[in-house]
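Everything quoted here is computed from the prediction, not taken from an experiment.
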Amino acid sequence: MTPLLVLTVVVVAAVAAFVRPGDPGPSRPSQSAPTSTPAPACTASAPAPSPSTSLRALAAPCGLYLGAAVNDALFDDPAYRDVVAREFNGVTPESALKWGTVEPRPGEFNFAPGDAYVEFAERNGQRVHGHTLVWHTIPAWVTDGGYPPDQLREILRRHVQNTVAHWRGRIDSWDVVNEPLGNGAGLRDSVWLRGLGPGYIADSFRWAREADPDAKLFINDFDVEGVNAKSDYLYQLVKELRAQGVPIDGVGFQTHVARASLPESFEANLRRFADLGVEVAITELDVRLPLPPTQQQLETQAGIYARVLRACLAVTACRSVTTWGFTDRHSWVGRDFPGQGAALPFDESYRPKPAYWSLHDTLVTDARRR
């Protein structure tokens, strides 16, 4: 397995080969979408882009993975499936790799749902990011079992190692520990912290490394996009764990944007984590809006998407940007935030929105500078 930032003829060929006859990709609307300010140029050459060039074809020459979290619509909605395959060179299964699916009962592993996603990605030349091994949202048999520390630790080890080993060499990276911090600057009160102490984080990374030495291992959290008390805590935690030899390869920034506001310190924050020697990744990007959104709100949203992508392109250690979903037809936002939505680059009919074209423009601008 190769690191995320890799450009090979095979990748470019796979992207080019994917463009089907009669499937030119989305058409540019007649009105102009917001344009991007120049992003840092990539070093690889590529064919001149056009409005019909897919996002994945634009991203690949930069060694950038532009991904989407995907759900079971992948298997029963041809339009959904076609957009995923055409536009993205990375996928994150939304739920198929979570504990509740993989090990719903003690010691009973169900890998079939995850296998289906991995096989789809392999057929379409896409990398897979695994979400997630260790989290606080897990089955009741774990949280309510009242296990003594030794047994709880063995339950955690078994789950991490069996899951990673099953997809060894096929899943490129993992969110090993997801949301270990609470809403503020401190570790989350979870069954893992209460039962095992803070050492469960280091143990989980070490077990994952043993199960697949080549997979990139990430710690992932929310509300750490800017320089603030929570991101300061995460920064110190990653610094200390790496100093102890814990194999943390990367930090994931979920980047669920509310109130159409991205912290001014976003890029600087990515850069300071990168300076620790880790990769940084945008793992769950969406920008929720009040419903129904105005055109101006959609344009503002587009500017945020472009800014996130430009920041990633500007930081060498940032190798992937993943949206949490890609179409407003399938999004967690409306369920969790009533009255809000329209958070993703495609609308409910799979038509590209200004947010899509802002990502496209940013990559086109970058390609033209090469």
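Inspection of the Tyr350 and Asp77 side chains reveals an N or O donor paired with an N or O acceptor under 3.5 Å. For the residue pair Ser331 and Arg288, no side-chain donor N or O sits within less than 3.5 Å of a side-chain acceptor on the partner. The closest side-chain donor-acceptor pair between Glu240 and Gln244, if any, does not fall under 3.5 angstrom.
Between Tyr65 and Phe88, the closest side-chain pair of non-hydrogen atoms is not below 4.5 Å. With contacts defined as side-chain heavy-atom distances shorter than 4.5 Å, the pair Lys98/His131 qualifies. Here the side chains of Trp192 and Ile201 are not in contact, with every heavy-atom distance at 4.5 Å or above. Inter-residue side-chain proximity for Leu64 and Leu363 is flagged as met; some heavy-atom pair is nearer than 4.5 Å. Taking 4.5 Å as the limit, every side-chain heavy atom of Thr322 sits out of range of all side-chain heavy atoms of His129. Between Thr132 and Asn220 there is no side-chain heavy-atom pair separated by less than 4.5 Å. Proximity of Asn178 to Glu284: side-chain heavy atoms (C-beta onward) are separated by under 4.5 Å at one or more points. Counting heavy atoms from C-beta on, the side chains of Asp328 and Lys353 come closer than 4.5 Å.
Judged purely by atom type and a 3.5 angstrom limit, Gln151 has no side-chain atom pairing as donor or acceptor with the backbone of Pro148. Checked by atom type and distance alone, the side chain of Arg188 never pairs as donor or acceptor with a backbone atom of Gly182 at under 3.5 Å. In this structure a side-chain-to-backbone donor-acceptor pair under 3.5 Å is present from Asn124 to Phe120. Without hydrogens or angle criteria, Asn228 side chain to Asp223 main chain gives a donor-acceptor distance under 3.5 Å. Counting only distance, with no hydrogens or angles, the side chain of Ser320 and the backbone of Ala281 share no donor-acceptor pair below 3.5 Å. Panel note: side chain Ser231, backbone Gly226; a donor-acceptor pair is recorded below 3.5 Å.
Atom CG of Asp76 is surrounded by more than 12 heavy atoms from other residues, nucleotides or ligands within 6.0 Å.
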Inset, instruction - Carefully, step by step, assess Phe205 and Leu241 under the rule side chain to side chain contact (heavy atoms under 4.5 Å, CB included). - result: CA-CA 10 Å; Phe205 276 92; Leu241 289 174; 5.8 Å; no
Inset, instruction - Determine, stepwise, if the pair Trp174 / Leu97 fulfils side chain to side chain contact (heavy atoms under 4.5 Å, CB included). - result: CA-CA 10 Å; Trp174 284 96; Leu97 306 181; 4.1 Å; yes
Legend entry - CA sep, side-chain torsions, deciding dist, call: Thr255, Leu262, side chain to side chain contact (heavy atoms under 4.5 Å, CB included): CA-CA 9 Å; Thr255 321; Leu262 187 71; 4.2 Å; yes
Legend entry - ring pair (Phe, Tyr, Trp, His ring centres under 6.0 Å) between Phe273 and Phe253, intermediate numbers included: CA-CA 11 Å; Phe273 275 87; Phe253 300 80; 5.2 Å; yes
Inset, instruction - Would you sort out whether Val164 and Arg168 count as a side chain to side chain contact (heavy atoms under 4.5 Å, CB included), showing the intermediate values? - result: CA-CA 6 Å; Val164 175; Arg168 178 171 176 163; 5.8 Å; no
Legend entry - Verdict with supporting geometry, Phe75 and Tyr117, ring pair (Phe, Tyr, Trp, His ring centres under 6.0 Å): CA-CA 9 Å; Phe75 308 111; Tyr117 285 90; 4.9 Å; yes
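Evaluation of the disulfide bond (SG atoms under 2.5 Å apart) test over residues 274-316, restricted to residues two or more places apart or in two chains, returns Cys312-Cys318.
Remark: Asp347 engages Arg351 in a salt bridge, criterion side-chain N to carboxylate O under 4.0 Å. In this structure, Asp172 does not pair ionically with Lys216, as no charged nitrogen and carboxylate oxygen lie closer than 4.0 Å. Taking 4.0 Å as the cut-off between side-chain N and carboxylate O, Glu267 and Arg271 count as a salt-bridged pair.
Applying the side-chain contact (heavy atoms from CB on, under 4.5 Å) test between Arg209 and each of Leu217, Ile248, Val246 identifies Leu217 as the sole match. Each of Tyr80, Trp324, Phe346 was scored for a ring-ring contact (aromatic ring centres under 6.0 Å, His included) with His330, with one residue passing: Tyr80.
Here OG1 of Thr316 is found 11.5 Å from CD of Glu279. Values are rounded to the nearest 0.5 Å. With rounding to the nearest 0.5 angstrom, the CD atom of Gln301 is 4.5 Å from the CG atom of Leu289. To the nearest 0.5 Å, atoms SG (Cys62) and CZ (Arg319) are separated by 13.0 Å. Taking CZ from Arg170 and CG from Asp212, the interatomic distance works out to 12.0 Å, rounded to the nearest 0.5 Å. Note that the OH atom of Tyr356 and the CG atom of Leu344 stand 14.5 Å from one another [nearest 0.5 Å]. Distance check: Leu74 CG to Glu94 CD gives 10.5 Å after rounding to the nearest 0.5 Å.
No continuous path of ILVMFWY side-chain contacts below 4.5 Å connects Leu298 to Val333, so the two sit in separate hydrophobic clusters. Residues Phe337 and Leu291 do not share a hydrophobic cluster, defined by chaining ILVMFWY side chains whose heavy atoms lie under 4.5 Å apart. Hydrophobic clustering (ILVMFWY, side-chain heavy atoms < 4.5 Å, transitive): Val227 and Val238 are in distinct clusters.
The minimum heavy-atom distance between Ser358 and Ala306, with the atom names listed, is OG-N, 3.8 Å. The two residues Gly184 and Lys230 have their closest heavy-atom pair at O-CG, 3.6 Å. Considering all non-hydrogen atoms of both residues, Ala121 and Val128 come closest at CB-CG2, 3.4 Å. Heavy-atom minimum distance, Pro180 versus Asp221: CD-OD2, 3.2 Å. Minimum interatomic distance between Phe326 and Val83 (heavy atoms only, all atoms of both residues): CE1-CG1, 3.4 Å. Contact between Ala274 and Val280 at its shortest, heavy atoms only, is N-CG1, 4.0 Å.
Cation-pi geometry between Arg272 and Tyr235 is met: under 6.0 angstrom from the ring centre, within 45 degrees of the axis.
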